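What you are looking at is a predicted structure, and each value in this text was computed from that prediction instead of being measured.
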There are 4 protein chains.
Amino acid sequence: MQAKGSPSKQSSGRTFTESARRAQIVQAAIEVIAEVGYAKTSFVKIAERAGLSSTGMISYHFKGKADLVQEVINEVMRLSAEYMVPRIEAAEDYRGKLRAYIESNIALLEIYPEHLQAVTEVLTNLKGDDPQRIGFAEATRSVMETHEQHMREAQAAGEFREFDAHVMVMAIRGAIDSLVVRAATHPGLDIAACGRELADIFDLATRKTPS
Amino acid sequence: MQAKGSPSKQSSGRTFTESARRAQIVQAAIEVIAEVGYAKTSFVKIAERAGLSSTGMISYHFKGKADLVQEVINEVMRLSAEYMVPRIEAAEDYRGKLRAYIESNIALLEIYPEHLQAVTEVLTNLKGDDPQRIGFAEATRSVMETHEQHMREAQAAGEFREFDAHVMVMAIRGAIDSLVVRAATHPGLDIAACGRELADIFDLATRKTPS
Amino acid sequence: MQAKGSPSKQSSGRTFTESARRAQIVQAAIEVIAEVGYAKTSFVKIAERAGLSSTGMISYHFKGKADLVQEVINEVMRLSAEYMVPRIEAAEDYRGKLRAYIESNIALLEIYPEHLQAVTEVLTNLKGDDPQRIGFAEATRSVMETHEQHMREAQAAGEFREFDAHVMVMAIRGAIDSLVVRAATHPGLDIAACGRELADIFDLATRKTPS
Amino acid sequence: MQAKGSPSKQSSGRTFTESARRAQIVQAAIEVIAEVGYAKTSFVKIAERAGLSSTGMISYHFKGKADLVQEVINEVMRLSAEYMVPRIEAAEDYRGKLRAYIESNIALLEIYPEHLQAVTEVLTNLKGDDPQRIGFAEATRSVMETHEQHMREAQAAGEFREFDAHVMVMAIRGAIDSLVVRAATHPGLDIAACGRELADIFDLATRKTPS
DNA sequence: GATGAATGAGTTTTCATTCAT
DNA sequence: GATGAATGAAAACTCATTCAT
């Protein structure tokens, strides 16, 4: 068994979970999903975008649509964590961490606009009982639960007021997703400003009410 | 009562005397969308649910999938407004109106669980460039813009702090949608409690910061 | 048994083969066929054109699509004969009769443009083995065979050269149909001039070659 | 022989190396159209005739019904030109060319009976405003306009009498089409004899009238 | 006579997936 | 690894016809 994130090399010289082709297909999938939406995304369109001559290649590299989509989510989660985690950790107090979470998440919208849209597309279009959702849940939870944990710690430390951490995280998540969708349809939107507004909102919503 | 013989079909596909079948099909569509998700909703499933022997019947009553979906949204918007508007108007100040908006919206989740899920399913699965989205936008805006307008008035009246009303509405909308999705997958959730938590969050986020 | 063209009155006061509704539907069918083509003609479109609220009415008045189409042909044939026969008979010699046939046929294109188009649409879109074709054949033959008979008489009288009368009639028919189709797509066409050209062509093709 | 690996699909759906399947489907389409008529031709019937297990295969090879039909026309036009052009060019004078045009065209009826029927079926069942008609028009015009041009040259050379070349071509086309339809329904017809009769007719109709 | 609802077979097209080469 | 052909199910939609009222 091997540690997550450190795929072992195989005899072929390729890694287990990755190959140039796989990465190329995942990238193409992200672009297509972001552009036409999850519902209208098909292997044919992804193959075209990737410069592949047939969809057979996709089926060869991925066990199925679910597998490919999972990889899309994994990739975006990986990039997101890479960007967000150090920024969150750099913050000194929990209030700062919350702001860092929201603002760095929104910042990703400008850095990887397609990636975030793609993931939002996928996640909102998946029903709860979908077997994929389980797979996604694990991937998304790493960041989300850390965040929720931070909140509880902040409450314990007396830095945040008492509230249902889970609902709060849900609200933050929803608000951000709302902005992602909005950004997709309104190109001129000042995303950073919106990010600051959102951070303000949840800063006020979490901090200890002055007596 | 209207003039006899004149409930002729209009371009929208709606008759004045909204036939029983149409209503039945819309209801079936809501149930199916809520159950299997918009992506997997098909005329066949709706016809089965409605006890119809063929999909042809649906095409007979609705000009197309877009027409049916529009009707679904109209129906839910109608029910939502019916429930929410009086509750919002009953509130005396803007702070109360905001809480009434959020809590009555969440309350709908318990009264019409399928309806709200269905609409969320439809709206999240529509891309911005989709021609349908335009139709929906008009329907949804009635409630949304009223709400946004209230916010600005509250700011002008000095009851709310200064913030970007549009981002705030977006955040509230997103947070509620998040809860709708959550409720669908977690049947045991204490929805009313979540509603109160959400109301608390946005109450704190909007009110004038004590000096 | 009764003579063709003299439908007996029934107790209802309506004629056997005709009623105001039937005539109205036939007229609507002609217009629709001429406008959208036989292939795209449907009961729904005909009902709309006729101001009927459902296609059921058409099925009530006509035994089926075949029956309606047959009636369309009958109606046009009746009008055609009414216009052409006296003009053909007025001509003194066979050469004149031929010219009268062609030119009066073409003239119909200007008098009843939709009618002729409709019939051409129907006849060209019917396969030979189609049961309808038999019905049509009888209707169309009245004019056609008279014409062919005239040719043989003209040959016997030494007025026309020797040729295969059947092929000649076929050629004339085809040439006229060609013009009907052309007229439908080229509104500016000088139809009468084309008719005279066609008449010239077949005048030269039939007359005794000068030694 | 072309560069290996480069017979990529083009927008027209044609590959350089016109795959065997494509040709097979086109052939099946021709047979079906000739047998049951264009109106009753469906992908299902073509697939059955071609020994394909599903209609999906046809959609895989052709962008749509229009694409397949276009290919049918192209194929027949190609075969027609292949047969007719050398025969027309072999004739020494314009009178001979006209006869060669008509007779070689009719001869095709015996060589490729289904092909000509199929094309006639398609062309007569297309309305003038149909987008396909444009595509066909270009294909058919190559032969037609050459023919019309010949006529004008013959008139200029004093070999043909003065007439409207366009009407003449239309008449010839119509007469031939008439014969094609006739041949389909009357298997015993002496086609070659009819062809000679037609050629006689238009020979007389075009030649300089003796003073 | 007339209506509108209902039916079921039919249409083309798209999809994810499999397979031989 | 890579290709392109093949598959079969599913999609939305249309049609002529029937039937109760």
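Note: B:Thr124 OG1 to A:Glu121 CD = 8.0 Å, rounded to the nearest 0.5 Å.
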The contact string for nucleotides 13-21 of chain E, one letter per nucleotide 5' to 3', using protein heavy atoms under 4.0 Å with B, S and - for base, sugar-phosphate only and none, comes out as BBSSBB---
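Dashed line: the shortest gap from a side-chain N or O of A:Ser53 to OP1 or OP2 of F:dG4 is under 4.0 Å. Between D:His61 and the phosphate of F:dA6, there is a side-chain N or O to OP1/OP2 separation shorter than 4.0 Å. The shortest distance between the side-chain N/O atoms of C:Arg21 and the OP1/OP2 oxygens of E:dG1 is not below 4.0 Å.
Counting all heavy atoms, side chain and backbone alike, C:Phe62 lies closest to C:Asp67 at CA-OD2, 3.5 Å. Minimum interatomic distance between D:Val119 and D:Ile73 (heavy atoms only, all atoms of both residues): CG2-CA, 4.1 Å.
Between D:Gln24 atom CD and F:dA5 atom C1' there is a gap of 12 Å when expressed in whole angstrom units. At whole-Å resolution of the value, CD1 in B:Ile46 and P in E:dA6 are 16 Å apart. Note: CZ (D:Arg22) to P (F:dG4) measures 15 Å, nearest angstrom. Residue C:Leu68 contributes atom CG, which lies 15 Å from atom C1' of F:dC15 at whole-angstrom precision. Straight-line distance from the CD1 atom of B:Ile25 to the C1' atom of E:dG4: 14 Å, rounded to whole Å. Rounding to whole angstrom units, CG of residue B:Leu52 and P of E:dG8 are separated by 11 Å. Atom OH in B:Tyr38 sits roughly 12 Å away from atom C1' in F:dA12 (whole-Å rounding). The separation between A:Glu48 atom CD and F:dG4 atom P is 13 Å, rounded to whole Å.
Comparing E:dT7, F:dA2, E:dG1 against the side chain of B:Met57 picks out E:dT7 as the nearest.
The ring pair (Phe, Tyr, Trp, His ring centres under 6.0 Å) search around D:His115 returns D:Tyr112, not counting sequence neighbours. By the side-chain hydrogen bond (donor to acceptor under 3.5 Å, both in side chains) test, D:Gln24 pairs with D:Arg21, sequence neighbours left out.
Taking 4.5 Å as the limit, every side-chain heavy atom of B:Val26 sits out of range of all side-chain heavy atoms of B:Asn74.
The side-chain hydrogen bond (donor to acceptor under 3.5 Å, both in side chains) with A:Arg22 is formed by just one residue from the set A:Gln27, A:His61, A:Glu71; it is A:Glu71.
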Tell me which donor-acceptor pairs under 3.5 Å the side chains of residues 45-60 of chain C have, and how far apart each pair is, sequence neighbours excluded?
from    : atom 1 : to      : atom 2 : distance (Å)
C:Lys45 : NZ     : C:Lys40 : O      : 2.6
C:Arg49 : NH1    : C:Glu31 : OE1    : 3.4
C:Arg49 : NH2    : C:Glu35 : OE1    : 2.8
C:Arg49 : NH2    : C:Glu35 : OE2    : 3.4
C:Ser54 : OG     : C:Gly56 : N      : 3.0

Only Watson-Crick and G-U wobble pairs with both distances less than 3.5 Å should count. Give DNA chain F in dot-bracket notation, marking inter-strand partners with |.
.||||||||||||||||||||
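Not a single donor-acceptor pair under 3.5 Å links the side chain of A:Glu114 to the backbone N or O of A:Ile30.
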